[in-house]
Amino acid sequence: RSGRVTGVQTCALPILSLASVALLQAGNIYATFDVMATKEASLKLQGSGIIENIYVDIGDSVKKGDLLLSLDSEMQKADIEQVKIDLAIAKVNAKYANRAKIRTEKLKGLIDEAKLDNSVQNAKMRTLQVSQIEAKLRLKEIAYKNTILKAPFSGTITQKNVEVGDGYGGIAGGSAFVLQCHLENKLVIHFDEKYWKVVKVGDRFEFTVDGESQKRIGKISKIYPTINSKNRMMSAEVLIDGVPVGLFGDGNIIIK
């Protein structure tokens, strides 16, 4: 009899294991979610100076390339104008130096060799001077460009950390704005780690949003490869439209 009982117990173990696997492979998996922006940036200027103009405020929608902020740039503008004048003079000098070199080369054999060498050397130096000032002008234009902050992509201003008249410390300072792209947001969903082999990309996620009665449906587009060691949860992403960033909620992953 003891042998029969042992046999029954031994056979029962695989049955329980198969039942557990079946439960994991079918049905709904509860998950919570946080709504996050698919794209977010803390915007900084590389230049430093006094903030002269701010063109946006919190909640404003902007398009890529829109002007957000500018520093006092009178000094940079004056530098650019001066370098442009220097460049124009250098180009004239280079032009006449190269003409003189050509005339002198035509007299080769009839004039002193040192005079010919001086003419060639002067033309080279004048040409190099033009290149040097052109490089200086590019640097000045970059410095001016760094006094202007433009939107790197379309979105909504969610934070504004500066005011007109503030001194701004450049790239080492804090962010001037936080910009979020709201064309499409994402749900970052969290579910129990025991389902790590069950949940797949493409699975449906059904959820409701506070203030709405209808059920929303999305598909898992990405599964994070690590498990949170503090709460033993896994995470995944669901792309979604029309849900505000910062919302928290729950729903169910529908397992095929």
Side-chain angles (χ1 to χ4, degrees), residues 33-91 128-188 209-211 221-222 224 235 237-249:
F33 66 80
D34 298 284
V35 183
M36 302 178 69
T38 54
K39 188 186 292 185
E40 179 178 292
S42 295
L43 306 183
K44 296 183 177 183
L45 272 172
Q46 290 188 332
S48 59
I50 303 299
I51 296 175
E52 185 173 51
N53 295 294
I54 295 176
Y55 303 97
V56 295
D57 205 344
I58 294 174
D60 287 351
S61 295
V62 298
K63 294 181 180 179
K64 181 178 179 180
D66 281 355
L67 188 59
L68 308 179
L69 176 151
S70 63
L71 302 179
D72 181 358
S73 57
E74 289 304 311
M75 183 66 72
Q76 287 83 355
K77 291 177 182 177
D79 284 345
I80 288 173
E81 290 305 313
Q82 182 59 58
V83 175
K84 285 182 176 179
I85 292 171
D86 294 342
L87 180 59
I89 294 172
K91 286 182 175 179
L128 285 173
Q129 188 177 33
V130 170
S131 298
Q132 184 181 42
I133 297 176
E134 285 176 337
K136 185 178 180 180
L137 178 59
R138 286 194 293 272
L139 289 174
K140 294 293 184 182
E141 289 174 337
I142 290 172
Y144 171 69
K145 184 179 179 181
N146 287 339
T147 67
I148 298 173
L149 182 62
K150 294 183 177 181
F153 54 84
S154 298
T156 302
I157 302 295
T158 59
Q159 287 186 36
K160 179 168 88 61
N161 305 315
V162 291
E163 297 294 341
V164 171
D166 285 351
Y168 190 79
I171 197 67
S175 65
F177 304 98
V178 173
L179 177 65
Q180 291 183 346
C181 178
H182 287 169
L183 298 178
E184 186 177 48
N185 295 328
K186 63 184 178 183
L187 309 182
V188 179
V209 177
D210 285 346
S221 59
K222 181 189 298 183
Y224 294 3
S235 298
E237 288 184 8
V238 176
L239 298 179
I240 199 72
D241 292 324
V243 180
V245 171
L247 194 69
F248 171 84

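When a residue number appears, it is its place in the shown sequence, counting from 1.
When all heavy atoms of S175 and S42 are compared, the closest pair comes out as CB-CB, 3.7 Å. The shortest heavy-atom contact between L179 and P152 is CD2-CD, 3.8 Å. Among all heavy-atom pairs drawn from V245 and M36, the shortest one is CG2-C, 4.0 Å. Taking all atoms of both residues into account, the shortest heavy-atom contact from S48 to G169 is CB-C, 3.9 Å. Residue D72 comes nearest to E74 through the heavy atom pair OD1-N, 3.3 Å, listed as atom of the first residue, atom of the second, then distance. The two residues G49 and L71 come nearest to each other via the heavy atoms N-CD1, 3.8 Å.
Note that CG of L67 and CG of L149 are 8.0 Å apart. Values are rounded to the nearest 0.5 Å. Note that the CD1 atom of I133 and the NZ atom of K140 stand 12.5 Å from one another [nearest 0.5 Å]. Note that CD1 of I50 is 12.5 Å distant from OG of S70, once rounded to the nearest 0.5 Å. The line from CD1 of I58 to CD of Q159 is 7.5 Å long, rounded to the nearest 0.5 Å. From L137, atom CG reaches atom CD1 of I142 across 10.0 Å, with rounding to the nearest 0.5 Å. Between the CZ atom of F177 and the NZ atom of K160 there is a distance of 6.5 Å, given to the nearest 0.5 Å.
Within 6.0 Å of NZ in K150 there are 12 or fewer heavy atoms belonging to other residues, nucleotides or ligands.
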Which is it for Y168 and L45 under the side chain to side chain contact (heavy atoms under 4.5 Å, CB included) test, yes or no, and what are the steps along the way? CA-CA 8 Å; Y168 190 79; L45 272 172; 3.6 Å; yes
Evaluation steps, side chain to side chain contact (heavy atoms under 4.5 Å, CB included), between N53 and V164: CA-CA 6 Å; N53 295 294; V164 171; 5.8 Å; no
Give the intermediate values and the outcome of side chain to side chain contact (heavy atoms under 4.5 Å, CB included) for residues D34 and F248. CA-CA 5 Å; D34 298 284; F248 171 84; 3.5 Å; yes
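The backbone N or O of Q46 sits nowhere less than 3.5 Å from a side-chain atom of K44 that would complete a donor-acceptor pair. N185 places a side-chain N or O within 3.5 Å of a backbone atom of V243 that can act as its donor or acceptor partner. Put simply, the side chain of D66 never gets that close to the backbone of A151: no donor and acceptor are under 3.5 Å apart.
Residues passing the salt bridge (Lys or Arg N to Asp or Glu O under 4.0 Å) test with K39, sequence neighbours excluded: none. For K145, the side chain to side chain contact (heavy atoms under 4.5 Å, CB included) test picks out no residue, with sequence neighbours left out.
Between K77 and E81, the closest side-chain pair of non-hydrogen atoms is not below 4.5 Å. Under the 4.5 Å side-chain criterion, counting only non-hydrogen atoms from C-beta, E163 is not in contact with I51. Annotation: side chain of Y224 is in contact with side chain of V188 (closest heavy-atom distance under 4.5 Å). With contacts defined as side-chain heavy-atom distances shorter than 4.5 Å, the pair I157/V178 does not qualify. Using a 4.5 Å heavy-atom threshold, the side chains of Y144 and I80 count as touching. Using a 4.5 Å heavy-atom threshold, the side chains of E134 and K91 count as touching.
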